[in-house]
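Here the structure is laid out as C-alpha cells; the discussion comes afterwards.
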Amino acid sequence: MSDIHFEEEEFETAFNGKTVLRILAQAKPHWPMLAGFLFFITAVSVVDSYLTFLGKRLVDEAILAQNRAALTEILKLYGVMFVLLASGVFGFIYLTGILGERIRYDMRKAMFAHLQQLSFSYFDRTPIGWIMSRVTSDTERVAELVTWGLLDVTWGVTSIVTAVIFMFFINWKMAGIVFIAIPILVVVGATFKKYILTEFRKVRKINSKITGAYNENITGVRVTKSLAREKRDLIEFQDLSSDMYQASYRAAWLSALFLPVVQLISAFAVAAIIWYGGLQVDLGFMTLGDIQAFVGYITFMLWPVQEMARVYAQMQQSVASAERAFSLLDSTPEIQEKPDAVDPGTIRGDIVFEHVSFQYEEEKRVLSDFNLRVKQGETVALVGPTGGGKSTIVNLLCRFYEPTNGRILINNQDYTDLTLHAIHSKLGMVLQTPHLFSGTVRENIRYGRLDASEAEIEEAAKLAGAHEFITTLEKGYDENVGEGGSLLSVGQKQLISLARAILARPELFIMDEATSSVDTLTEALIQKGMERVMDGRTSFIIAHRLSTIKRADRILVIENGTIAENGTHAELIRAKGHYYRLYTQQFRKEREAQVMDLPGDGVMVGV
C-alpha cells in the first residue's frame, strides 16, 4: 500500500481568497448562463420581498379597512407575483444544473489534457489514487461551489438587500437595530472559518490516500491473496479510515455548531425587534400590518444569513478540494519543448549518446558519462543485471526523460531541438507488461494508427503472428479484451501489442523484455514479428532471454550505467566474458528444464 505514504503539497492555513476567485473564474467561459441564473435568482429574491410587502398591504388596506376592492387588487398582484416566482425558480434551477455540468466537463477535460503533457517523472512520484481523487471528487466540489453555492450566496445577498430596503421604508429606527447583529455574525464567521477549513483540508488529503489504497489493493488483489496480506492491509486501511473519520467528525462538529450560533444571535435580534415594534404599535407609530411585515422581513433576512452560514461551511471544503485540483493543473512538465523546436518529419539517422549522465533522484546516478553511437537501421540489444541502466538508456532515447548532463543526437541534431511529437510519433514500443485498453481487439490494434484500414489492421496482426489466435476468438477482431486486456493471456496481449506497434510504422523500434513472460511458442511468434518490424529500422532490444537477441547487430552488456562489453553474439561468446557466463548459465538452465519435462528415463536421453 505504497500510495498511502505519498506526501503531497501542504496548503496554507489562512483562507485563500485567490483560490475562491479562481474557482469562480471557472464559470467565465459560460458567462451567459451565469448571468442568466444570477438574473433569475435576483428576480426571485425581489419578488419574494415584494410578496411580504403585499402581505402588509393586505392587512392594512384590505382586511382591517374592510375594503373589498383593495382585496381584489392585492390578490390579483399576488397571482402575478407567484407566476413570476415560479418562472424564476424554473429558470435558475435549469441554468444552474447546466452550468454545473459544463464546469465539471471543462475541469475534467483540462485535467486529462494536462496529464497527457506531464513528464514520466510526475507519474513516478504521484500515486494514481491521488490523481483520480483530483479528477473526480475534487472537481465535483468545485462545480458545486460555483453553481449551487454561488446561487445560495446570490439569493442570500439579494434577499438581505431587498429586505433592508423595505425595512428602512417601513421604520428606519427599527432597521438600525438589525445592523447591530451583523458585526457579531461577521466575527463569529471569521472565527469558525479558520478551524473548519483546516479540518476539511485534512479530510481531502486523507481522502486522496484512501482512493490510492483502494486502487492499489484492487489492482494488486492477486498478490494480496497469494501472500495472505488481507488482515495487514485491512489494519492499514482502518488506520486511514479512522484518521479521516476523526478529521471529518471535527469538521462536521464545527459546521454543526456554526449554524446554531448564528441562529441564536438571530433569535436575540428578532426578540429585540418584536419588543421594540410592540412599543411602536402601542404608541401609534406603526400599524399592525407594519409590524407583521417588519417581522416577516427580519425572518426573511435572517434565514438567508443562516443559509449563507451553511454555504460558508461547505465552501471551506470546496476550497480545500480546489487547492488540490489546481495544484494538479499548475504542475509543469519537467520536459518542455524549446520555443523554436522543429519537426523534421523523420528521425531516421544515426543516434549518438555524448557523455550522457542521468539520475532519477539526487545522489543516485544511473548513467555516468555514457557514450554510444548507433547507425541507422542497426539493431542493438541491451543485456545486463537489473538496475544496470538498460531501461534508462531507452527512456532517455525516447525522451521520456532528458539527460542530466551530456546530450543525445539524432541524425546529427540535438534531440532537444526537436518537438516531442517529432520523436514520440515515430516510436514503436512493446513492453514487458503489455497494456491493452478496454474495447475490442481491432480497436486496440488501430490505436497504433487511427486512420488505418481494416486490411492494414489484419496485415499488421499477420506480421505480428496474432492473426491466427484472433480468428479463433468467438467474435474475432470484434472480441472484447476486457479492462487492461484481462480476458486474454499475457502472450495474446503481447502479440496484439506487437501488431499495434507494427501498424504505427515506427522509425525507431523498442522491445523492452517483451518475451520474458510468455511461453516458448509465443516467444517464437513474437520473434518472427520482431524480425519483420525491425527490418530497415533502428531497433533497441532489452532482453533477459538471450536466445531472442542472437541475431542483433550488436549486443551491449550494461553494468552500473556503463558499457561493460560490446560486440556480436559470436564475438562475445568467444571473449568468454560476462555475456558468455550469462548465456551459458541461461542455456544450461533451459536445457535442464527441458530434460526435467521428459517422461520416464528421459534424463539420460537429454544429457
Side-chain angles (χ1 to χ4, degrees), residues 6 8-9 109-128 130-131 134-135 325-372 374 382 387 389-433 435 447-448 501 504 506-512 538 540 542 558 561:
F6 170 64
E8 63 176 304
E9 178 184 357
K109 180 182 177 182
M111 285 185 174
F112 188 85
H114 188 67
L115 286 170
Q116 306 304 303
Q117 304 300 319
L118 292 175
S119 307
F120 270 37
S121 55
Y122 180 85
F123 299 97
D124 288 341
R125 63 175 181 266
T126 309
I128 295 175
W130 189 93
I131 297 173
R134 302 290 76 76
V135 176
F326 293 147
S327 73
L328 188 155
L329 289 171
D330 292 339
S331 56
T332 55
E334 292 187 9
I335 298 176
Q336 299 194 27
E337 295 179 352
K338 294 180 180 178
D340 56 349
V342 298
D343 184 351
T346 180
I347 56 172
R348 292 184 181 276
D350 293 354
I351 296 172
V352 180
F353 285 71
E354 284 188 354
H355 307 290
V356 171
S357 297
F358 179 77
Q359 57 193 37
Y360 292 101
E361 300 177 16
E362 291 293 333
E363 300 180 358
K364 290 185 179 181
R365 182 160 291 189
V366 181
L367 298 182
S368 181
D369 196 28
F370 182 84
N371 293 279
L372 174 66
V374 178
L382 306 176
K390 303 185 298 297
S391 294
T392 299
I393 293 170
V394 169
N395 286 335
L396 289 172
L397 173 62
C398 297
R399 206 178 169 191
F400 297 148
Y401 301 87
E402 288 182 349
T404 308
N405 294 301
R407 62 177 186 162
I408 298 175
L409 305 178
I410 297 179
N411 196 22
N412 296 319
Q413 187 173 16
D414 190 326
Y415 81 160
T416 60
D417 293 331
L418 307 178
T419 63
L420 289 170
H421 181 266
I423 299 173
H424 295 166
S425 63
K426 304 301 180 183
L427 294 177
M429 297 193 72
V430 181
L431 305 176
Q432 178 181 8
T433 304
H435 180 80
Y447 197 81
E507 295 181 357
L508 179 60
F509 188 63
I510 308 292
M511 294 284 288
D512 190 351
T538 304
F540 283 75
I542 299 176
I558 307 297

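Atoms considered below: every heavy atom in the structure, side chains included; atoms not considered: hydrogens, waters and symmetry mates. On a predicted model such as this, the values are computed, not experimentally measured, just so you know.
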Spell out, as yes or no, whether a donor-acceptor pair under 3.5 Å connects the side chain of [X] to the backbone of [Y].
| X | Y | result |
| --- | --- | --- |
| Q413 | L418 | no |
| E507 | I347 | yes |
| S357 | D369 | yes |
| E402 | R399 | no |
| H114 | S331 | yes |

Ring centroids only, cut at 6.0 angstrom: are F358 and Y401 within range, meaning strictly under it? yes

Nearest heavy atoms of [X] and [Y], plus distance in Å:
| X | Y | value |
| --- | --- | --- |
| V366 | G389 | CG1-CA, 3.9 Å |
| P403 | Y415 | CD-OH, 3.5 Å |
| E354 | V352 | CG-CG1, 3.7 Å |
| G428 | P506 | N-CB, 3.3 Å |
| T346 | R348 | OG1-N, 3.1 Å |
| I423 | L397 | CG2-O, 4.4 Å |

Any residue meeting side chain to side chain donor-acceptor pair (under 3.5 Å) with T392, in chain and number order, not counting sequence neighbours: Y360

Applying ring pair (Phe, Tyr, Trp, His ring centres under 6.0 Å), name anything that partners H424, two or more places apart in sequence or on another chain. F400

Kindly indicate whether the side chain of [X], heavy atoms from C-beta on, has any atom under 4.5 Å from the side chain of [Y].
| X | Y | result |
| --- | --- | --- |
| L115 | L328 | yes |
| T538 | V374 | yes |
| F509 | L427 | no |
| N405 | H355 | no |
| F540 | I510 | yes |
| V342 | D417 | no |

To the closest 0.5 Å, what do you measure between SG (C398) and CG (L420)? 12.0 Å

Considering the options I351, I410, V394, which one meets the side chain to side chain contact (heavy atoms under 4.5 Å, CB included) requirement together with L508? I351

Report the C-alpha distance between R407 and T416 in whole Å, list the side-chain angles of each, state the deciding distance to 0.1 Å, and finish with yes or no for side-chain contact (heavy atoms from CB on, under 4.5 Å). CA-CA 8 Å; R407 62 177 186 162; T416 60; over 6 Å; no

Pair V356, L396 - check side-chain contact (heavy atoms from CB on, under 4.5 Å), show working. CA-CA 10 Å; V356 171; L396 289 172; 4.0 Å; yes

Pair V430-D512, side-chain contact (heavy atoms from CB on, under 4.5 Å): steps then yes or no: CA-CA 6 Å; V430 181; D512 190 351; over 6 Å; no

